[in-house]
Structures are given as structure tokens and as C-alpha cells.
There are 2 protein chains.
Amino acid sequence: MNEGVEWAIHSCVNLCWVPGEPMTAKRLAAFYDLPTAYLNKQLQALARAGILSSTSGPKGGFQLARRPDKITLLDIVIAIDGPDDAFRCTAILKAGPGGDPREDYRKTCLVSGAMRRADLAYRRELAARTIADLVADVERTSPRTPENTRTWFANLKS
Amino acid sequence: MNEGVEWAIHSCVNLCWVPGEPMTAKRLAAFYDLPTAYLNKQLQALARAGILSSTSGPKGGFQLARRPDKITLLDIVIAIDGPDDAFRCTAILKAGPGGDPREDYRKTCLVSGAMRRADLAYRRELAARTIADLVADVERTSPRTPENTRTWFANLKS
DNA sequence: GACGATATACTCGGATACCCCTTGTCCGAGTCTAGCTGG
DNA sequence: CCAGCTAGACTCGGACAAGGGGTATCCGAGTATATCGTC
């Protein structure tokens, strides 16, 4: 899986704690010492998916496009990593004896079905978890994190 | 995910239907018109994992090392694709403010935990499905497949 | 002093190289078989 | 005719290239701001 998924999730959580004005990719990258341009690329993907809204120019940056409880982890994974399943059925039954070139083995092949069921379980788990849930969990575990994050970004120079 | 996983599962199912003598990688590859040497590589991985047993020389080949109901899809996925999770936590919290270099964020980071939970759901689904289950499902759906497969391999020349 | 045009600096956005892992291939080690040779 | 040896062929096994996608970077399009000039 794409490494940017991790960056994207953490960045969305941080965006929850510093609301109001847009946050630039540069500042978000500085928080975790990440390569700025590459994180920018991931945030662009989130913006294309409608998860973030982006504004250009000075005082520009990224901010959440909708409420945190309406952003699931699956949304982020799909935005960054693409909509394809981990297991991709290449329909090798088509090349085997008795294979029908017109049949859609992604539907009928039982091997494909078993793997697809696992993929669905994975996605169901991700879809059940929102950014708001994560934020709430962190605030419950270490309540000072939101305030610390806000002050850190406030004291950030450049 | 590695494409060889699909080949490996289908090959294991076929091995269930042609028991007794070992089956060469060449014959298994011919069934689906796959590159022989590369399928051999995947079968080697299954042998290293203890799923298949391999014998060299003429009359050699691969056969199941244990009963089909003791081989889960997760075993095959791990053997081919490696034991790593899809989401790998790089512990970016370590680089952030207040990050403790000694802490194991793979355990404590809540983002990592949420992703790990999804991974576990995925693996649980795969672990609950054995080769024997797949074989039984196929035999229920199309009962003539085992016999057809046997005769196909029997009539295969080289 | 106030308003407007302009130059500037800063942001996102997409197009462009680099690199590692998956894919694919090849030749060597080991082994069973079949044939040959000698008794 | 039978036992033993030897040569051969066939298999797995791991080491060796080639391609594609993730990783990383750079420069251009667009915009809010601050400055300067004019009224």
C-alpha cells in the first residue's frame, strides 16, 4: 500500500485540531519532517476526491471539505491508493480448458469470490472508522495533544 | 498484491483433484497457459512454507504437504506475498513534536491501530477459508470439474 | 489622504526523472531411469 | 540370464536481467497582498 496513506490520515487529523484558516502543505510537512512536494501530491489527491478543499495563493492551503465524521478511512485509502482491490482476478480460468472467453470470471470464479470477500471485510472495517472517531480516540488517550498541536503550528515560523 | 497468489490457489485446487503422483510445474503451468519458470518460482515458495512438498528428478514434482482442510488461503497469501501487512506504519509520530524515539508507535499510534484492525479482519477472513472449502464449493457448483481436470491432465502429452 | 493599478511573493497543480520491487528468464545441483557391460 | 555400473534426461532450486509503479522533485498557473503613483 502507498505510504502516502499514513501521511494523509495524520494530516487530516491535524487539520481537525487547527481549524479556521487553510493550512499549507509546507507547514503540514514540517510537522512530521516529510518531503513537502510529495505530501503536496497526496493532498492534491485528497482534494480531487472531495475530502479536502484547496485554495491557491498567499493565505491559501488545504482544509477539510466536509465534517470529520463524514470522512472515513476508506475514503482516504481510495483517494490515495486507488479504488482497485488488493487481489486482482486475472481470470486465468479463461485460458484453461473449458474456459468461456465471454464469461466474467470476476463474478463466477470461486477463488476470486473468496478473495473478494476478504477485501470486502477489509473495506468494511475501514469504512466504519471516521476521522472524527480517530480524533476522539486521541483526545481521550492524550487530552493535551490538540492544544499542543495548535501551539506548535502557531509558533512555526516560516 | 502479487499475481502469483492467484496461480498458487488455483494450482493447489488442481492438485487436490489429481492426487497420488507428484505433478510437475510444467504440467500445472500448461493447464492455464502460464509461464512455466515463473509458476515454478511460486510453487517453490509454497514448498518453503511447508504447504507443498517437492521432489526432484524424473517422476518428481509438487504435491500437497498436508490435508487440504489444513491449508488456509492466508497460508498461501503469506507464503507468496510475505507476512507484512498491507499498511506499514512508518511511525511518523516519532519525527513529530513530542515524539519519543524509544516508543514503539506500531503499538500505540491509534492510526496504526485502526489500519491494523482492518488488516486483521482481512486476514481473519482468509484464515477461515481452506483449500478444502474451495474444492467443495467448486464440486457443488460444477460437479464435473474434478473428472474433467483429471482426464485433461491424463491426456496431456509432454 | 484615498483610491486604483501594478509588481511581487506565495500557494497549489501537473508534468517530469529516479529507484525499488514485481515480473520473467536462465542455467546448475540433484535424482530417477534406462540401457549397457561383464560375470 | 542377472547384477552392477554408467550415461542420460528430467526435475526442482536459486541466481540473474527487464519492466512498471511508487517515490521524489521541479517549474508553471493563479491569487491575495503590499507598494507605489496619481487624483
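Computed from a predicted model, the values in this text were never measured in an experiment. Chain letters run A, B, ... following the sequence lines, proteins first and then strands; every chain starts at 1. Basis for what follows: all heavy atoms, side chains included, without hydrogens, waters or symmetry-related copies.
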Discussion item. Evaluate Trp7(B) against Tyr32(B) for ring-ring contact (aromatic ring centres under 6.0 Å, His included), listing each step before the verdict.
Written reply: CA-CA 9 Å; Trp7(B) 305 358; Tyr32(B) 294 120; 9.4 Å; no

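The local environment of CZ in Arg67(B) is sparse, with at most 12 non-hydrogen atoms from other residues, nucleotides or ligands closer than 6.0 Å. At most 12 non-hydrogen atoms from other residues, nucleotides or ligands lie less than 6.0 angstrom from CZ of Arg106(B).
By the 30° and 60° cut-offs, the orientation of the rings of Phe31(A) relative to Trp152(A) is perpendicular.
Remark on DNA chain C: of its neighbouring residues Lys41(A) and Gly57(A), the 5'-side contact belongs to Gly57(A), judged by nearest-heavy-atom nucleotide. For Asp81(B) and Ser56(B), each mapped to the nucleotide of DNA chain C holding its nearest heavy atom, the one lying further toward the 5' end belongs to Asp81(B). Projected onto DNA chain D by closest heavy-atom contact, Ser54(B) and Leu39(A) fall at different nucleotides, the more 5' of which corresponds to Ser54(B). Position along DNA chain D of the nearest nucleotide to Lys59(B) versus Glu3(A) favours Lys59(B) as the more 5'-ward residue.
In this entry the distance linking CG of Leu43(B) with C1' of dT11(D) reads 13 Å, nearest Å. What separates CD1 of Ile80(A) from C1' of dG21(D) is a distance of 15 Å, to the nearest Å. If you take CD of Gln42(B) and P of dC12(D), they are 14 Å apart, rounded to a whole angstrom. One interatomic measurement links the two molecules: CD of Gln63(A) to C1' of dC12(C), which rounds to 14 Å at whole-angstrom precision. Protein atom CD of Glu21(A) is 13 Å distant from nucleotide atom P of dC12(C), rounded to whole Å. The CE atom of Met23(A) sits 18 Å away from the P atom of dC10(C) (whole-angstrom rounding). For the pair Met1(B) CE and dG22(D) P, the interatomic distance rounds to 15 Å; values are reported in whole Å. To the nearest angstrom, C1' of dG22(D) lies 15 Å from CD of Glu6(A).
Residue contacts shown for Asn40(B) include a base, since a base heavy atom lies under 4.0 Å away.
The side chain of Gln44(A) lies closest to dG13(C), out of dT11(D), dG13(C), dT25(C). The side chain of Phe62(A) has dG13(C) as its nearest neighbour among dG13(C), dT25(D), dT11(C). Comparing dG24(C), dT23(D), dC12(D) by their nearest atom to the side chain of Tyr38(A) picks out dT23(D). Taking every side-chain heavy atom of Ala47(A) into account, dG13(C) is the closest of dT31(C), dG13(C), dG22(D). Side-chain proximity of Ala37(A) to the nucleotides dC26(D), dG13(C), dG14(D) is greatest for dC26(D). Each of dG14(D), dT31(D), dT22(C) was ranked by its minimum atom distance to the side chain of Pro58(A); first place goes to dT31(D).
The two atoms that bring Asp75(A) and Lys70(A) nearest to each other are OD2-O, 3.9 Å, heavy atoms only.
OP1 or OP2 of dG14(C) sits under 4.0 Å from a side-chain N or O of Arg48(A).
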